[in-house]
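These numbers come from a predicted model, not from an experiment.
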Amino acid sequence: MELSKTEEQLMQYLWKLEKAFMKDILEVYPEPKPATTTVATLLKRMIRKGFVAYKTYGKSREYYPLVKKEDYFSKHVNGLIKTFFNDSASQFASFFTRKTDLSKKELEELKAIIDKEIKNK
C-alpha cells in the first residue's frame, strides 16, 4: 500500500515527532493549518493502511508510526529503479549522478560510500 501526497506529508511529521497527540500534529503544520477533521480523516486512512497506530488516554489518542521512514523510502526507491531504470541500480546511479546538480564534494562523498560498501561485500 502507498500513501497519498497529503498522507505522506503527515507521515513525515509523525516520523519527526515519533509520538504525537492531535494538537502536536497540528502545531507542526505550516500556515494555513488544515482542519482537525482533515487530519483526523488522514490518520484514519493511514491506520487502515497499517502505517499508523495509536494509544488511547481517556478521550485523547497518541499517534505513532508503524513503518520506519527508511523502510518506506527504500521501497519507493526500489520501485522507482524497477519501473524507470529496467531494475538496474547502475542505470539509476548513472542517471542520478549526471542529471542532478551534485557538487564535486557530494560526488566524492557518494564514491566513498560506494567504496565502503564494496569493501563490506
Side-chain angles (χ1 to χ4, degrees):
M1 280 236 194
E2 288 193 23
L3 297 172
S4 69
K5 290 287 181 202
T6 52
E7 291 167 343
E8 207 170 90
Q9 180 186 26
L10 175 51
M11 197 70 189
Q12 290 281 3
Y13 296 141
L14 278 176
W15 281 320
K16 186 177 179 180
L17 295 167
E18 296 179 8
K19 296 178 190 175
F21 292 96
M22 180 64 76
K23 68 176 181 58
D24 303 320
I25 295 168
L26 289 169
E27 274 181 19
V28 295
Y29 269 93
E31 293 292 342
K33 296 185 184 295
T36 304
T37 54
T38 302
V39 176
T41 299
L42 291 171
L43 286 166
K44 189 186 289 188
R45 277 195 249 152
M46 293 163 70
I47 289 165
R48 205 172 35 240
K49 290 179 179 182
F51 285 91
V52 175
Y54 63 87
K55 290 180 186 171
T56 304
Y57 298 95
K59 292 184 179 184
S60 297
R61 290 179 176 180
E62 183 179 44
Y63 298 93
Y64 57 93
L66 291 175
V67 176
K68 292 179 185 170
K69 184 177 184 177
E70 185 176 308
D71 294 341
Y72 181 75
F73 286 104
S74 174
K75 186 176 177 184
H76 261 298
V77 170
N78 287 327
L80 187 74
I81 291 169
K82 185 174 185 173
T83 304
F84 295 104
F85 298 97
N86 301 318
D87 210 11
S88 168
S90 58
Q91 281 184 24
F92 170 74
S94 174
F95 174 85
F96 179 74
T97 54
R98 285 183 294 110
K99 299 294 184 181
T100 57
D101 193 21
L102 296 173
S103 68
K104 183 176 180 180
K105 183 181 180 208
E106 289 170 318
L107 287 168
E108 288 169 349
E109 289 169 354
L110 279 174
K111 184 181 181 302
I113 291 166
I114 291 168
D115 288 344
K116 182 180 175 186
E117 286 302 312
I118 289 170
K119 277 185 181 178
N120 291 338
K121 297 284 178 181

To the nearest 0.5 Å, what is the distance between [atom1] ([X]) and [atom2] ([Y])?
{"X": "T6", "Y": "L42", "atom1": "OG1", "atom2": "CG", "value": "4.5 Å"}
{"X": "M46", "Y": "L66", "atom1": "CE", "atom2": "CG", "value": "10.0 Å"}
{"X": "F51", "Y": "M11", "atom1": "CZ", "atom2": "CE", "value": "7.0 Å"}
{"X": "I113", "Y": "I118", "atom1": "CD1", "atom2": "CD1", "value": "12.0 Å"}
{"X": "L102", "Y": "T97", "atom1": "CG", "atom2": "OG1", "value": "7.5 Å"}
{"X": "T100", "Y": "E106", "atom1": "OG1", "atom2": "CD", "value": "8.0 Å"}

Query raised in the report: Should the heavy atoms of other residues, nucleotides or ligands under 6.0 Å from CZ of F92 be counted, would the total exceed 12?
Result: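 Yes.
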Query raised in the report: Does a sphere of radius 6.0 Å around CG in N120 hold more than 12 heavy atoms from other residues, nucleotides or ligands, not counting ones at 6.0 Å or beyond?
Result: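 Above 12, so yes.
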Query - K119 and D115 ion-paired at < 4.0 Å - result: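 Result for this pair is no, no salt bridge flagged.
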Report task. Using a strict 4.0 Å threshold on nitrogen-to-oxygen distance, state whether K49 and E2 make a salt bridge. Result ->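 Not counted as a salt bridge, because no side-chain N and carboxylate O are separated by less than 4.0 Å.
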Query raised in the report: Of all residues at least two apart in sequence or in a different chain, which pass the ring-ring contact (aromatic ring centres under 6.0 Å, His included) check with Y64?
Result: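 Testing Y64 for ring-ring contact (aromatic ring centres under 6.0 Å, His included), a comparison that skips the adjacent residues, returns none.
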**Report entry** For F84, all residues meeting ring-ring contact (aromatic ring centres under 6.0 Å, His included), sequence neighbours excluded
**Finding:**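 Partners of F84 by the ring-ring contact (aromatic ring centres under 6.0 Å, His included) criterion come out as none, since no residue qualifies.
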Report task. List, by chain and number, the other hydrophobic cluster members for F21, where Ile, Leu, Val, Met, Phe, Trp and Tyr join if side-chain heavy atoms come within less than 4.5 Å, directly or indirectly. Result ->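 Cluster partners of F21: Y57.
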Query raised in the report: Side chains of Q9 and Y29: do they bring a donor and an acceptor to under 3.5 Å?
Result: no
**Report entry** Side chains of S94 and R98, donor plus acceptor under 3.5 Å
**Finding:** yes
Requested in this report: Kindly indicate whether the side chain of I47, heavy atoms from C-beta on, has any atom under 4.5 Å from the side chain of Y63.
Outcome: yes
Report task. Please examine the side chains of M22 and E62, heavy atoms only from C-beta on, and report whether any two atoms are closer than 4.5 Å. Result ->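 A side-chain contact is absent here, since even the closest heavy-atom pair is not under 4.5 Å.
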Report task. Specify whether F95 and F85 have parallel, tilted or perpendicular ring planes, treating 30° as the upper limit for parallel and 60° as the lower limit for perpendicular. Result -> tilted
Query raised in the report: So if you build clusters from Ile, Leu, Val, Met, Phe, Trp, Tyr with side-chain heavy-atom gaps below 4.5 Å, do I114 and V77 land together?
Result: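 Different hydrophobic clusters.
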Report task. Go through W15 and F73 one step at a time and tell me if the ring-ring contact (aromatic ring centres under 6.0 Å, His included) criterion holds. Result -> CA-CA 12 Å; W15 281 320; F73 286 104; 5.7 Å; yes
Query - Step-by-step side chain to side chain contact (heavy atoms under 4.5 Å, CB included) determination, L110 to F96 - result: CA-CA 11 Å; L110 279 174; F96 179 74; 3.9 Å; yes
Requested in this report: Show the numbers, then the answer: is there a side chain to side chain contact (heavy atoms under 4.5 Å, CB included) between L43 and L14?
Outcome: CA-CA 10 Å; L43 286 166; L14 278 176; 4.1 Å; yes
Query raised in the report: What closest approach, in Å, do I81 and A89 show between heavy atoms, and which atom pair accounts for it?
Result: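 Looks like CG2-N, 3.9 Å.
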Is it true that a side-chain atom of [X] and a backbone atom of [Y] form a donor plus acceptor pair closer than 3.5 Å?
{"X": "N78", "Y": "S74", "result": "yes"}
{"X": "K33", "Y": "E27", "result": "yes"}
{"X": "T41", "Y": "T37", "result": "yes"}

